[in-house]
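Along the sequence shown, residues are numbered consecutively beginning with 1.
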Amino acid sequence: MKKGILFLLIFTNATLFAQNEDFASDRPGLSDSPDLIDKNSWQISTGFDISNYNHYQLYQISTNTLKYGISDRFEARMDFGIQYDPEQKIYGTSGPSFGLKYLMLKQNKLIPKTAIIVEYYTPPFASSQQASGLATELVFSHEFKNGNSLYHNVGIDWVDVKGKPTLNNLSGFSYEVNETISLFIEVYMYHTPGLKTNYVSDLGITYQLNKKLQLDFAFGSDLVVPKGNLYFDGGVSYNF
C-alpha cells in the first residue's frame with residue numbers, strides 16, 4: 001500500500017488548496033479557492049484522491065483539471081478522471097465536467113474575497129456510476145498581511161440530477177511557513193438528505209517550486225468513525 005501511494009504521488013498530480021493569488025490553485029479534494037489564474041493563461045493539474053469525500057463520493061484514482069483565465073473576473077475549467085467504487089469493485093469515469101468561476105468581490109477590510117463556481121457534469125462515456133449533474137459553490141477567503149488566511153466553502157452538488165443533492169460546508173486555515181511552503185488544516189461537513197452526515201478533517205502541505213509549479217499532499221479521516229476512513233490526495237499543478 002505504501003509503495004502504491006508513493007508511486008501515485010510521484011507519477012500523478014493534483015491541485016490542493018493554495019491561497020496564493022499568483023498561483024490560484026484549486027484542488028479536487030475538499031476545498032476550492034476564490035483566486036483566479038491570470039487572464040489568457042492556463043493551468044493544468046492531474047492526480048489522485050483516495051477518499052469518499054469528494055464530489056462523486058468515490059475514489060478518484062486519476063483526476064485531471066484544465067483551467068483558462070478568460071478575464072480578471074472569469075475562469076473556465078474542465079475536469080475529467082477515472083474513478084473506482086471500492087464497494088462494487090468497478091471502475092468508471094468521472095466527467096468530463098465543465099465549469100465557470102466568477103470573482104464576485106475582492107477582499108476589502110472585513111469583506112472576504114468571494115467567488116462562485118458553477119459546474120455541469122456530463123454523462124460518462126461508459127459507466128453506470130454517474131449521470132448528468134450540476135453543482136454550485138460559494139467560496140470565501142481572507143488573507144492576512146503575514147500571508148496566512150482563513151477560508152470557507154459552502155455548496156450543493158447534484159452529481160446525478162435525478163438523485164438527492166449533497167450539501168457541503170468547509171472551513172480552513174492556511175499557514176504560510178515561507179514563500180514556497182504553506183500548511184493547512186480543514187474541517188469539512190457533507191450531508192445527503194435521508195442519509196448520514198459526514199464530518200471530516202484533513203491536514204496538508206503545498207510546496208511551490210517556482211511561479212509555475214506547485215507540489216502538494218494531504219491526509220485526513222472521518223471525525224466520527226475514523227477507523228477505516230483515512231484518505232490521501234496529492235500531486236502537482238502547473239501554470240503556463
Side-chain angles (χ1 to χ4, degrees), residues 14-17 26-34 36 43-68 70 73-104 114-140 151-171 186 188-200 202 222 229 231 233:
T15 51
L16 294 187
F17 183 81
D26 286 322
R27 66 186 182 119
L30 300 185
S31 67
D32 289 301
S33 164
L36 276 67
Q43 183 180 101
I44 187 168
S45 56
T46 175
F48 69 96
D49 179 3
I50 309 302
S51 78
N52 288 317
Y53 310 114
N54 47 62
H55 285 313
Y56 305 101
Q57 298 174 31
L58 295 169
Y59 291 176
Q60 303 300 309
I61 59 175
S62 173
T63 62
N64 307 279
T65 301
L66 180 65
K67 301 199 298 182
Y68 176 71
I70 300 173
R73 292 280 182 174
F74 281 97
E75 178 183 278
R77 66 183 294 158
M78 180 183 73
D79 296 275
F80 180 80
I82 299 173
Q83 62 188 17
Y84 176 69
D85 187 330
E87 294 184 359
Q88 300 186 37
K89 299 187 185 305
I90 58 174
Y91 292 87
T93 59
S94 56
S97 68
F98 301 91
L100 283 174
K101 180 191 292 185
Y102 171 62
L103 179 60
M104 301 169 65
T114 305
I116 184 170
I117 301 173
V118 179
E119 291 185 273
Y120 168 67
Y121 306 108
T122 66
F125 297 119
S127 172
S128 61
Q129 297 182 26
Q130 180 197 349
S132 294
L134 291 170
T136 184
E137 185 174 44
L138 285 170
V139 292
F140 310 90
Y151 54 97
H152 188 73
N153 296 173
V154 58
I156 183 168
D157 303 314
W158 289 270
V159 175
D160 182 346
V161 291
K162 297 180 181 180
K164 296 179 179 179
T166 297
L167 309 176
N168 63 78
N169 200 324
L170 176 145
S171 294
E186 300 173 329
Y188 178 67
M189 180 277 290
Y190 79 88
H191 171 73
T192 301
L195 300 176
K196 67 177 182 179
T197 300
N198 291 82
Y199 297 92
V200 184
D202 71 334
D222 190 304
N229 285 309
Y231 72 90
D233 52 20

| So do the side chains of Tyr188 and Tyr53 get within less than 4.5 Å of each other, counting heavy atoms only? | yes

| task | Give, for atom CG of Asn168 and atom OG of Ser31, the distance between the pair rounded to the nearest 0.5 Å. | result | 11.0 Å

| message | Tell me every residue that passes side chain to side chain donor-acceptor pair (under 3.5 Å) with Asn153, counting only those two or more places apart in sequence or in another chain. | response | none

| query | Does a side-chain heavy-atom distance below 4.5 Å link Thr197 with Met189? | reply | yes

| remark: Contacts of Phe74 meeting ring-ring contact (aromatic ring centres under 6.0 Å, His included) (sequence neighbours excluded), chain-then-number -> Tyr102

| note | In terms of heavy-atom contacts, Ser62 and Asn64 come closest through OG-ND2, 3.2 Å

| query | Heavy atoms, side chains only, cut-off 4.5 Å: are Thr63 and Phe80 in contact? | reply | no

| message | Which residues pass the side chain to side chain contact (heavy atoms under 4.5 Å, CB included) test with Ile156, not counting sequence neighbours? | response | Thr136, Trp158, Pro165, Leu167

| task | Quick one: list whatever passes side chain to side chain contact (heavy atoms under 4.5 Å, CB included) with Phe98, sequence neighbours left out. | result | Met78, Pro96, Thr122

| message | Does any part of the side chain of Glu119, heavy atoms only, come nearer than 4.5 Å to the side chain of Leu134, both counted from C-beta? | response | no

| Value rounded to 0.5 Å, distance of OH in Tyr231 from CG in Asp49 | 8.0 Å

| field | Gap separating the NZ atom of Lys101 from the CD1 atom of Ile70, nearest 0.5 angstrom | value | 12.0 Å

| query | Distance-only, no hydrogens or angles: does the Arg77 side chain make a donor-acceptor pair with backbone N or O of Lys67 under 3.5 Å? | reply | no

| note | By side chain to side chain donor-acceptor pair (under 3.5 Å), Asn169 pairs with (sequence neighbours left out) His152

| task | Carefully, step by step, assess Leu66 and Ile44 under the rule side-chain contact (heavy atoms from CB on, under 4.5 Å). | result | CA-CA 5 Å; Leu66 180 65; Ile44 187 168; 4.2 Å; yes

| Cut-off 3.5 Å, side chains only: do Ser94 and Gln60 have a donor facing an acceptor? | yes

| note | Sorted by chain and residue number, the ring-ring contact (aromatic ring centres under 6.0 Å, His included) partners of Tyr68 (sequence neighbours excluded) come out as Trp42

| query | Who pairs with Thr192 by side chain to side chain donor-acceptor pair (under 3.5 Å), at least two apart in sequence or on another chain? | reply | Thr166

| Within a strict 4.5 Å, meaning less than it, do heavy atoms of the Tyr190 and Leu170 side chains meet? | no

| said: The criterion is salt bridge (charged side-chain N to carboxylate O under 4.0 Å, His left out); which residues satisfy it with Glu137, sequence neighbours excluded? | reply: none

| Looking at residues at least two apart in the chain, or sitting in another chain, which of them share a side chain to side chain donor-acceptor pair (under 3.5 Å) with Asp222? | Asn198

| query | Does the side chain of Pro86 reach to within under 4.5 Å of the side chain of Tyr59, using non-hydrogen atoms? | reply | yes

| task | Starting at CD1 of Ile50, measure out to OH of Tyr84 and round the result to the nearest 0.5 Å. | result | 10.5 Å

| task | Apply the test side-chain contact (heavy atoms from CB on, under 4.5 Å) to residues Tyr121 and Val161: give CA-CA distance (whole Å), side-chain angles for both, the deciding distance (0.1 Å), then the verdict. | result | CA-CA 9 Å; Tyr121 306 108; Val161 291; over 6 Å; no

| Rounded to the nearest 0.5 Å, how far does CG of Asp157 lie from CG of Asn54? | 10.0 Å

| task | Nearest 0.5 Å please: distance from the CG atom of Asn52 over to the CG atom of Asp85. | result | 8.5 Å

| field | Close side-chain approach of Ser132 and Tyr120, heavy atoms under 4.5 Å | value | yes

| Non-hydrogen side-chain atoms of Leu138 and Met104 separated by less than 4.5 Å | yes

